[in-house]
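One structure is given below, encoded as structure tokens.
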Amino acid sequence: MGNGTFNYFIFIGEIRMKQITESLETSLATLLTKKNLDVITISELADNAKIARRTFYLYYKDKYEFVLSVIDRHLHKMKEASLRDRQTL
């Protein structure tokens with residue numbers, strides 16, 4: 001396999017992880033309208049996101065690590081937007 005093929009697989013993996021993360025975020029948001037985080041299970045998150053439970057564990061240790069990653073990602077987006085806004089002033 002050439003270096004280009006390796007990069008292709010990394011790119012596909014990144015796309016897949018983004019899709020999984022977005023599905024899990026949507027799943028979490030939906031479940032949080034019905035119950036508290038404490039009682040939401042990984043199985044519920046995964047089922048609602050239409051992914052296998054074991055796929056969840058490929059990316060996250062537990063639901064708390066996932067929630068922290070969601071918060072971190074959104075804070076990062078807000079910081080970037082704030083910096084862009086400052087540059088346009």
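Listed here is the closest heavy atom pair of Ser27 and Leu45: OG-O, 2.9 Å. Contact detail for Tyr60 and Glu65: the closest heavy-atom pair is CA-OE1, 3.0 Å.
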Result block: side-chain N/O donor-acceptor pairs under 3.5 angstrom for residues 30-38, not counting sequence neighbours:
residue : atom : partner : partner atom : Å
Thr30   : OG1  : Thr26   : O            : 3.0
Thr33   : OG1  : Thr30   : O            : 2.5
Lys35   : NZ   : Glu44   : OE2          : 2.5

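To the nearest 0.5 Å, atom NE2 of residue His74 and atom OG of residue Ser69 are 9.0 Å apart. In this structure, CZ in Arg54 is found 15.0 Å from CD1 in Ile42, a value given to the nearest 0.5 Å.
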key: Intermediate values then yes/no, side chain to side chain contact (heavy atoms under 4.5 Å, CB included), Phe66 and Phe56   = CA-CA 9 Å; Phe66 170 65; Phe56 177 90; 3.9 Å; yes

task = Could you please spell out the steps behind the salt bridge (charged side-chain N to carboxylate O under 4.0 Å, His left out) verdict for Lys18 and Glu14?
result = CA-CA 6 Å; Lys18 186 174 190 271; Glu14 289 171 1; over 6 Å; no

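At a threshold of 4.5 Å between side-chain heavy atoms, the hydrophobic network of Ile, Leu, Val, Met, Phe, Trp and Tyr places Leu68 and Ile20 in two separate groups. Taken together through direct or relayed side-chain contacts under 4.5 Å among Ile, Leu, Val, Met, Phe, Trp and Tyr, Leu24 and Val39 form parts of separate hydrophobic clusters.
When atom types are taken as modelled, the side chain of Lys63 and the backbone of Ile40 share a donor-acceptor pair closer than 3.5 angstrom. Between the side chain of Thr21 and the backbone N or O of Met17, at least one donor-acceptor pair lies under 3.5 Å. Here the side chain of Ser82 pairs no donor or acceptor atom with the backbone of Met78 at under 3.5 angstrom.
Inter-residue side-chain proximity for Leu75 and Lys79 is flagged as unmet; no heavy-atom pair is nearer than 4.5 Å.
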